[in-house]
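As a basis for the values below, the full set of heavy atoms in this structure was taken, side chains included, without hydrogen atoms, waters or symmetry mates.
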Amino acid sequence: MNADLDLLVRLGDYDRPQGVAERAVQAERLGFDRISTGETTGWNVVPPLTLAADRTDELGISNDVVSPYGRSPALLAQTALTLQDATDGRFRLGLGPSSPAITERWHGATFDRPLRRTRETIEIIRAVYENGTPAYEGEIFDISGLDYENEIPETPPPIDLATLGPKATELAGRFGDGWTPQLFTPDGLRDRLSDLERGAELGGKTLADLRVAPIVRAVASADRERARDLARGMTAFMLGAYGPYYGDSVADQGYADVVDDIRSAWEDRDTDAMAAALPDDVLDDLAPAGTPAEVREWIETYAAIDGVDAVRIGFATGMSDADKNATMEAVAELV
């Protein structure tokens, strides 16, 4: 397989931040190229990533993703530069417009003009990278600026964006260094890559200048039906209960009726009915789930899509540690 293999882990799956570091050591041993983890309302993402960096030598370190509403642009720049130093240059910063729920009910901010805020946040981070100061005049931020106290790394960390819609993905292509989409069918991903490419052209770049690493939720097991049940439940929950964004995106990819059925079941909080409303063909379009051989074939095919640089493997809710180990080992045979 020509593409890289990344591993996405969930902080809530571990009792201590050190557990993320242990998973990172395993990922490096198996040949994964990069590990990433997200941040919502649990642990701060920085300590687990720092521990992971300290216990590995070559494994890339990323976050999926931090909100431009939860940290100031200057603090995001500080965080990125600190992790770049801690990883000896292996860090990539992940940003995303976030959601109204996280923004308003956790950070206490107003979810207003998310794309503009994301763009200005990126521009301020780059100002710190290039000039050592967040001084900036924009529509949202007006910062007089102070000087960054440490030396800027010769190669500051790239900025990856997690987006779904066409305009947001165009922004990712124009202002970002990479793109980490989620829940895209092969055809849906190809369509959205055209928006990314258009944005890259607006930014004076090509698609080859961006690291495209779509996230997929994989379950590989000798017990094929159990693997598919786990992936089906996770995928249906993301479509029906994670707010409108994933559901709207998959509906726009040709599965509006399926998304409507899943959302109807979520109104009654009936997770079994949500899973039952996700047909096999739709599951097969969205997630690698089944025997190890089936999962490897799915990932190889997905990775072969023109423009994809890496496939970021995430787990499904309900997987045991043995399930995760089996999935990692199965996927690692592609390395």
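In terms of the side chain to side chain donor-acceptor pair (under 3.5 Å) criterion, residue partners of Thr185 (sequence neighbours excluded) are, by chain and number, Gln253. Applying the side chain to side chain donor-acceptor pair (under 3.5 Å) test to Asp261 and every residue at least two apart in sequence or in another chain returns nothing.
The residues Arg116 and Glu120 are annotated as salt-bridged, a charged nitrogen and a carboxylate oxygen being separated by less than 4.0 angstrom. By the 4.0 Å N-to-carboxylate-O rule, Asp321 lies too far from Lys324 to be salt-bridged with it. Salt bridge annotation for Asp112-Arg117: absent, with no cationic side-chain nitrogen under 4.0 angstrom from a carboxylate oxygen. One finds no salt bridge joining Asp57 and Arg90 here, because no Lys/Arg side-chain nitrogen approaches an Asp/Glu carboxylate oxygen to under 4.0 Å. Salt bridge annotation for Arg228-Asp280: present, with a cationic side-chain nitrogen under 4.0 angstrom from a carboxylate oxygen.
Between Thr50 and Ala86, the shortest heavy-atom distance links the atoms CG2-CB, 4.5 Å. Scanning all heavy atoms of the two residues, the minimum distance from Leu278 to Ala236 falls at CD2-N, 4.2 Å. In this structure, Ile124 and Pro73 approach most closely via the heavy-atom pair CG2-CB, 3.5 Å. For the pair Gln18 and Arg55, the tightest heavy-atom approach, listed with the atom from each and the gap, is CG-NH2, 3.5 Å.
Judged purely by atom type and a 3.5 angstrom limit, Arg224 has no side-chain atom pairing as donor or acceptor with the backbone of Thr291. A distance-only check finds no donor-acceptor pair linking the side chain of Arg92 to the backbone of Ser36 [under 3.5 Å]. The main-chain N or O of Phe315 is found under 3.5 Å from a side-chain atom of Arg217 such that the two form a donor-acceptor pair. At distances below 3.5 Å, not a single donor-acceptor pair connects side-chain atoms of Thr235 with backbone N or O atoms of Arg232.
Side-chain contact, Thr180 with Asp160: no donor N or O sits under 3.5 Å from an acceptor N or O. Donor-acceptor pairing under 3.5 Å is lacking for the side chains of Ser249 and Arg192.
Remark: of the listed residues Arg34, Arg211, Arg312, Arg211 is the sole one forming a side-chain hydrogen bond (donor to acceptor under 3.5 Å, both in side chains) with Asp4.
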